[in-house]
Amino acid sequence: MDALLAGCGLTRLSWQVLNVLKEDPRATDTGIRAVLAANADADALTAAIEALLADGWALRPEPGRLAFTADGLARFAEAGVRIGAFRELAAAGISPEEYRTAVGVLERMTRNLEEAV
């Protein structure tokens with residue numbers, strides 16, 4: 001998936017930021033950091049937000065708030081189609097229950113390792 005995202009001009013973290021923005025078109029930097037706090041620290045999230053602004057995915061309609069540009073929204077939709085196809089290929093032959101179990105186990109493993117550090 002990292003290579004696929006890179007081909008779209010994104011990182012995994014910037015993709016996650018865009019998904020938060022898609023879910024909340026009035027998203028703020030503070031809100032995005034809160035939603036994605038478990039995925040990255042504030043500096044990494046700030047860098048991802050700044051990269052999205054610099055690359056034309058998003059703009060600032062007012063200070064501290066993000067919004068998609070028209071081009072960014074179109075590119076997000078295109079990337080979403082590619083990501084959907086990737087996920088479908090990756091999950092071929094795996095039931096929704098098996099998928100949920102696998103994700104749950106990986107999340108617990110991640111928490112175990114984070115707590116150990």
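Values in this document were obtained by computation on a predicted structure and should not be read as measured data. Residue numbers run from 1 in the order of the sequence given.
A donor and an acceptor atom, one from each side chain of Thr69 and Arg75, are nowhere located under 3.5 Å apart.
By the ring-ring contact (aromatic ring centres under 6.0 Å, His included) test, Phe76 is found to be paired with Trp15, Phe68, residues two or more places apart in sequence or in another chain being considered. For Val20, the side chain to side chain contact (heavy atoms under 4.5 Å, CB included) partners are Ile32, Val35, Leu36, not counting sequence neighbours. Glu114 is linked by a side-chain hydrogen bond (donor to acceptor under 3.5 Å, both in side chains) to nothing, counting only residues two or more places apart in sequence or in another chain. Taking Glu23 as the reference, nothing meets the side chain to side chain contact (heavy atoms under 4.5 Å, CB included) condition, with sequence neighbours excluded. Under the side-chain hydrogen bond (donor to acceptor under 3.5 Å, both in side chains) criterion, Asn39 pairs with Gln16, sequence neighbours left out.
Grouping Ile, Leu, Val, Met, Phe, Trp and Tyr by side-chain contacts under 4.5 Å, direct or through others, puts Val103 with Ile94, Tyr99.
Counting heavy atoms from C-beta on, the side chains of Val81 and Glu78 never come closer than 4.5 Å. A 4.5 Å side-chain heavy-atom check between Thr28 and Arg33 finds every atom pair outside the cut-off.
Of all non-hydrogen atoms in Leu73 and Lys22, the two that sit nearest each other are CD1-NZ, 4.0 Å. The two residues Arg60 and Gly64 come nearest to each other via the heavy atoms NH1-C, 3.6 Å.
With a 6.0 Å radius and a threshold of 12 heavy atoms from other residues, nucleotides or ligands, Glu97 has its CD atom at or below the threshold.
Rounded to the nearest 0.5 Å, atoms CZ (Arg26) and CZ (Arg65) are 4.0 Å apart. Atom CG of Leu52 and atom CG of Leu10 lie 6.5 Å apart (nearest 0.5 Å). Note: Asp29 CG to Leu66 CG = 5.0 Å, rounded to the nearest 0.5 Å. With values rounded to the nearest 0.5 angstrom, Ile83 atom CD1 is found 13.0 Å from Glu88 atom CD. Atoms CG and CG, from Leu18 and Leu13 in turn, are 10.0 Å apart once rounded to the nearest 0.5 Å. The CD1 atom of Ile49 lies 15.0 Å from the CH2 atom of Trp57; values are rounded to the nearest 0.5 Å.
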